[in-house]
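Below you'll find the structure, written out as structure tokens, and then a few comments.
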Amino acid sequence: MSLVPEIDYGTPVSRAEETVSLTIDGHVVAVPAGTSIMRAAVEAGIQVPKLCATDSVEAFGSCRLCLVEIAGRAGTPASCTTPVAAGMVVSTQTERLKQVRRGVMELYISDHPLDCLTCAANGDCELQDMAGAVGLREVRYGYDGESHTRQAKDESNPYFTFDPSKCIVCSRCVRACEEVQGTFALTIEGRGFDSKVSPGAAADNFLSSECVSCGACVQACPTATLSEKSVIDIGLPEHSVVTTCAYCGVGCSFKAEMRGEELVRMVPYKDGKANRGHSCVKGRFAWGYANHRERILKPMMRESIDQPWREVSWDEAIGRVASEFKRLQEKHGRLAIGGITSSRCTNEETYLVQKLVRGGFGNNNVDTCARVCHSPTGFGLRTAFGTSAGTQDFDSVEQSDVILVIGANPTDAHPVFASRMKKRLRQGARLIVIDPRRIDLVRMPHVEADYHLPLRPGTNAAILNALAHVIVTEGLVDEAFVRSFCDRDAFEYWAAFVAEERNSPEAVGLMAGVSPEAIRGAARLYAAGPNSAIYYGLGVTEHSQGTTAVMAIANLAMVTGNLGRLGVGVNPLRGQNNVQGSCDMGSFPHELSGYRHISDDATRAMFEEMWGRPLDAEPGLRIPNMFDAAIEGSFKGLYVQGEDILQSDPNTTHVAAALKAMECVVVQDLFLNETANYAHVFLPGSTFLEKDGTFTNAERRINRVRRVMTPKNGMADWEITLAISKAMGFEMPYAHPSEIMDEIARLTPSFAGVSYALLDEVGSVQWPCNEKAPLGTPIMHIGGFARGKGNFMITEYVPTDEKVGPRFPLLLTTGRILSQYNVGAQTRRTENGAWHAEDVLEIHPHDAEQRGVRDGDWVRLDSRAGATTLRAKITDRVAPGVVYTTFHHPDTQANVVTTDFSDWATNCPEYKVTAVQVAPSNGPSEWQREYTEQARHSRRIAVAAAE
Amino acid sequence: MSIRICIPLDSAAVALGADDVAAALAREAAKRKVAVSIVRTGSHGMHWLEPLIEVGGVGFGPVTAADVPSLFDAAFKNHPLNIGRIADHPFMKAQTRLTFARCGNVDPTSFHEYQAAGGLNGIGAAIMVGPAQTRDTVLTSGLRGRGGAGFPTGIKWKTVAEAKGDTKYIVCNADEGDSGTYADRMLLEGDPFVLIEGMIIAGLAVGAAKGYVYIRSEYPDAIRTFSKAVAVAESSGLLGAAAGFEIDVRAGAGAYVCGEETSMLESLEGKRGQVRAKPPLPAHKGLFGRPTVINNLVSLATVPAILADGAEAYAALGMGRSRGTMPIQLAGNVKQGGLFETAFGLTLGEIVDEIGGGTASGRPVRAVQVGGPLGAYFPRSLFDTAFDYEAFAALDGLVGHGGVVVFDDTVDMARQARFALEFCALESCGKCTPCRIGSIRGAETMDKIIRGERVAANLALITDLCQTLKFGSLCALGGLTPYPVMSALKYFPEDFDRPRLVAAAD
Amino acid sequence: MSGQTPRLVMMANQIAQFFVPQRRGDPVAEIADHLEKFWDPRMKADIVAHLRAGGAGLDPVVREAVGRLKEAQRVATA
């Protein structure tokens, strides 16, 4: 085992098509025009000494080590900033160059501590390497001159230190912050010898600055100046394994850098096609939960939820699960139990849970967290295009001219993709933001939205119809596209519908609280393109019109011809790491893998033959239906893999009642999560570091997850499901997750070409991956839609029944924050609390003033569903009448307040619209008090009796 | 009929009391009930005679307020301060004034006087011949960048004209930071319209509709006068959106390095004045990433004369590849300090001894630094060197912006060498390593040499450092710092190895 | 009628609000198809039973659609 090698080409790749041939040190090299001499040299296997250049940022030309000589040209140009030219003859090593490089290194070292042996970067330091490469043997200046070697460290960031005494002022960190991350938190302060890296204003440290701790600066630093604290503590890694982040739907590739079985650091992988070498604070740093003391490593059981937990053997726990599930089915019928697959687990694990339910339980009561996030995307896009997924790859954004972001907050929820989007915006792409909040994208360094439509929560579909109205009535339709690729009748009906006056910006604007001129301007801009792309998130789907709004988005893209090529498309930003995959794998109660309906006899027969079990042709219960059926008494047992439904699903009181009504709740998780407070069996889960498998990200990219350490709990999650299945009498014969993928490929046309061998060879593929597309499909619907003709559905806006009134005059909308993830089970057990220690309620100054609420006050948030208390944050990011919070902390449990209203087609909950009241408070709500007590009681673990 | 009295408003003259003199003249005239019209003009450039007032072509100077009554008594005729007709003064008569033809003779912000004195003839010619021919005229005139680099202006214009892009810019570098130079300032204060005209011609020639003039912040009077001239030009229809060319005046940020063209672009864009690596050349990717002509003020201000009189007339002047005239600015320890515009080719000796008249202190001239603080020091033995880009370059020196600073025999050249390194340290933008660290290490090492510590080893180190600076630096600041250091070391080695000073206590 | 019936009625009516405005196809068939495809058997049984008990709260198109469910046919012929 060794570290995965990565070549630093010094400067970014040139995308020019023209090739230029030149000679470097006697070698003839052909590279794309615009390539730097430095990069061309690396391609030829020649390493020119360098310090300020790295291929993640543009050439800068400051270190002056990479100088070369070019025949016929005077002087010693820097190879990083000098592009190749045809016929150029370059020498990278001459007497003069040697002398200058040694002179430069002598200067560097004259202002650098000589503590290499005890330095955290010893062995991984480019300065050290270069001193060796140029043959520096003495520093004749001595060390008694002016220097920076006695400056204090900034250790404020929980994950990395900034040691200015080791800084060589190469600006790589500053440039990475600007070019890669787009935050502009770092700068060079002072001039000349006083130049130094500074996080923002002089009074700031890294933690208090604008820094979002993405790690790009640490990644870029060639010395020990910016060092991971884990490396300082442990030492350098000795081997690494490429794997996939288990946080959001971007699906970043990382190198897990290890020392033995200890994870030293996670380093973004340059060849990762989703992230292209970038990362965020979660994936890069927030992996400490894997070793958190609260992680449960032994199976536990109890007879009832008021008893303490008792540690048991795996056999006993699995035996109990099987016997209870069988008992419940015997007593209450075949349909009385079900399972929930995890969108945080691998495709293979998800596939196994639905296989267990369908084949082992003999029903279709399986669902997944996509129910509560992107189920409308699946339904809506399938209806419009024929495929339940986004149409593009992430690279596509680099070709977009206009970007429309609706109901998504990428800089917080999909930060690495957001950085790529911001880069494109800084290059001049135009931006439309449709969101009730003034999200960061609306205005941030060097990015400003051309239009921000701050609509009232719940009016997406109406606004989208109004945009379509402008396009249709102002003659902005891409007639050629519609004629060639779309269902003509459907288009005509739809066009007549959106052209109606009630869908005009003037009519809709008044109701949605958006200026008609802005709607018209945004529609014209989107239609003008030429390449316009829509990116959306849960702000679109989590509404009673979620599916309608997804269809309206699809209509906009079709009517303007923005599909089927780079730079355009309809792009759902998926929440969890494998929510796309869990849907693909047949986690929904009505469909098998590859989105084939369970009622389809031919499909079912194929599975029945492979599995050797009869399958039920009737759809099963969706998660909210499971809760209803549990309360009703017909649903008694549930196997929940890696999902905290109590905290994440709406109307917590209702969920708690449903869980309490069940006789056997089995929770498989890393921690005693909130749902486990109502569980009878707890099966300790494994982390993504402890198993093999695949995740599928928001761009349909299937990425490998690779085991880097032994499961601390003894079993990978897929092995646990196998054990349950076996105990239930439905044995599944897999020795390795690759065999599960082989079965998926055999049963699923869109996965037919996928295998671990292929993934190991090419890194990742985007489905469909089959005979027609052996290396996958980056862009969908090229030259026609998957379903045949694009389908325009009429997207009548039906307002939600959740309405403000005298009792609940404000609208609550919920969301996420950068440093926390979902229910926070992982991120709360890391140092990320340094940025977001609690959920707060954003409230407009006007609404706060009316209620006598001051910034930081405790307030009570009441809806017809329940009440909670949390601190208020007064801000005009939200409009008057709208309040906002996140749902990362169980102490707050924002979902106590949300209701059970849901999307008409999929029952996706209406998280984004709840009528609420806010009032000053001086204590927790009744629910919070009761819940805290219940949770404390329920989490007790009995001390094992002395043997 | 009133008497027209011209008094310079030039900062140098004002520093020597021109404002007091003007006030005294007005007071005295009122007291005597004599009708006078006091006109503030630019300076003629004879600084040792400032404040130099002019009445009917005859000059009086240097005048103090106390001299005013006697001047009235003499009816501005026979007076001890009378220097005769200014135009006939040997210092003026020996010059070839093209760029500075009007400077000192006109009210700088009078558009009428500008036109009356031949202004706008260049624009007229440019419009008549069109952009391509205009570029060609500038090319064949042999005009080279007067900021110091000496790059042919016509080639630069051609590059920008041929670069792809809808938006192009003209940037005038008026960040005149070299010690002992003041040509830019004198023009901004004395004949600002000539710069405006030059920039409009440049805009026509390359297809730019917008120009920026970056004036160093230490020139508040120049900024004021030039801004006023821009306003006058706008109201007269010469400048502005409707006229097809606009000029923005920007005050510099106080850093010498912002005179480096790419640093200036950064500063104009609102960023930290930090040098950009080239390529891309500003002519391809300059201000805000657009093709940009960056010319020194003197280059641009010379263009109208070239267009008006023809390329041949200009090219007929000078020597070798240095064509036309150069405003030499004499400063330092010199008897007759001032601006002397002349064709290239005079020897250094002629400039210092004959035009400058030797030192002000009367002691022998020991060294002359040409081309600003980063120019080489020349000993008397090299006084036969012709004032010409190539001749100076051959001696590891530079013509630069035309500054000539004179030192007498009391100068300590080791300290001068140290000063060059210290200057580099003070003014370094901090981007490239040789300049950022090398300058300060160089000054420290010079200190050791001056103190007599391991002199031979440290001199070798300084020599190595100068190589590193020369070939390793990103821009001319670090790249040229070795010139004064190495020339001092080469021509005045005795100053670097003096016996160690005995401490006072011994 | 079960405890979850009111919610099922609301859901069914909500589905109808999407299909009724479609200007082609038969909304009743579309609604029935949606219920067949996405509702668990006990939900279908519940709403069918509710229809047979008078179907209070069901929109007219929904009544018709529920009547067309296989479950309704089964119960009717049973």
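What you see below is based on every heavy atom in this structure, not just the backbone, and it leaves out hydrogens, waters and symmetry mates. Source: prediction; values computed, not measured.
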query: More than 12 foreign heavy atoms under 6.0 Å from CD of Q99(A): is that the case here?
result: yes
task: Using a cut-off of 6.0 Å, state whether more than 12 heavy atoms not belonging to K210(B) lie near its atom NZ.
output: yes
Test: E427(B) and R191(A) ion pair at under 4.0 Å: yes
- request: Taking heavy atoms only and a threshold strictly under 4.5 Å, list by residue number the residues of residues 67-77 of chain A that touch chain B; give 'none' if the list is empty.
  value: L67(A), T76(A)
message: Counting only heavy atoms from other residues, nucleotides and ligands, does the tally under 6.0 Å from CZ of R443(A) exceed 12?
response: no
- prompt: When rounded to the nearest 0.5 angstrom, what distance separates CD1 in I440(B) from CG in D111(A)?
  reply: 9.0 Å
message: What part of S439(B) gets within 4.5 angstrom of chain A, counting heavy atoms only: side chain, backbone, both, or neither?
response: neither
- line: Closest heavy-atom pair, G192(A) versus R436(B), reported as atoms and distance to 0.1 Å, is O-CG, 3.4 Å
message: Return the NZ to CG distance between K448(B) and D144(A), rounded to the nearest 0.5 Å.
response: 5.0 Å
message: For C429(B), which atoms come within 4.5 Å of any heavy atom of chain A: side chain, backbone, both, or neither?
response: backbone
- request: Check whether any side-chain heavy atom of R96(A) lies under 4.5 Å from a side-chain heavy atom of F471(B), and answer yes or no.
  value: yes
field: Reported NE2-to-CD1 distance for the pair H148(A) and I437(B), which is rounded to 0.5 angstrom
entry: 8.0 Å
message: I'd like to know if the side chain of S110(A) pairs up with that of R441(B) as donor and acceptor (distance under 3.5 Å, no hydrogens or angles considered).
response: yes
query: Given the options A425(B), S473(B), G289(B), which has more heavy-atom pairs under 4.5 Å with chain A than any of the others?
result: S473(B)
message: Can you list the residues of residues 257-274 of chain B that sit under 4.5 Å from chain A, counting heavy atoms only?
response: R272(B), Q274(B)
- request: Give me the contact list for residues 275-283 of chain B versus chain A, heavy atoms only, anything under 4.5 Å, ordered by residue number.
  value: A277(B), K278(B), P279(B)
- prompt: Counting heavy-atom pairs under 4.5 Å to chain B, which of A59(A), G103(A), A78(A), S62(A) comes out on top?
  reply: S62(A)
query: Is chain A contacted by the side chain of L474(B), its backbone, both, or neither, given a heavy-atom distance below 4.5 Å?
result: both
Heavy-atom closest contact (C63(A) atom, P434(B) atom, distance): O-CD, 4.5 Å
- prompt: If you tally heavy-atom pairs under 4.5 Å against chain A, which of L426(B), T468(B), T433(B) wins?
  reply: T433(B)
query: Distance-only, no hydrogens or angles: does the K431(B) side chain make a donor-acceptor pair with backbone N or O of F60(A) under 3.5 Å?
result: yes
field: CD (Q427(A)) with more than 12 external heavy atoms under 6.0 Å
entry: yes
statement: Checking heavy-atom separations under 4.5 Å from chain A, one finds in residues 455-467 of chain B L461(B), D464(B), L465(B), Q467(B)
task: With a 4.5 angstrom heavy-atom cut-off, could you sort out which part of I188(A) is near chain B: side chain, backbone, both or neither?
output: both
task: Using non-hydrogen atoms and a 4.5 Å limit, figure out which bit of A255(B) sits close to chain A: side chain, backbone, both or neither.
output: both
- prompt: Are the side chain of R64(A) and the backbone of G472(B) linked by a donor-acceptor contact shorter than 3.5 Å?
  reply: yes
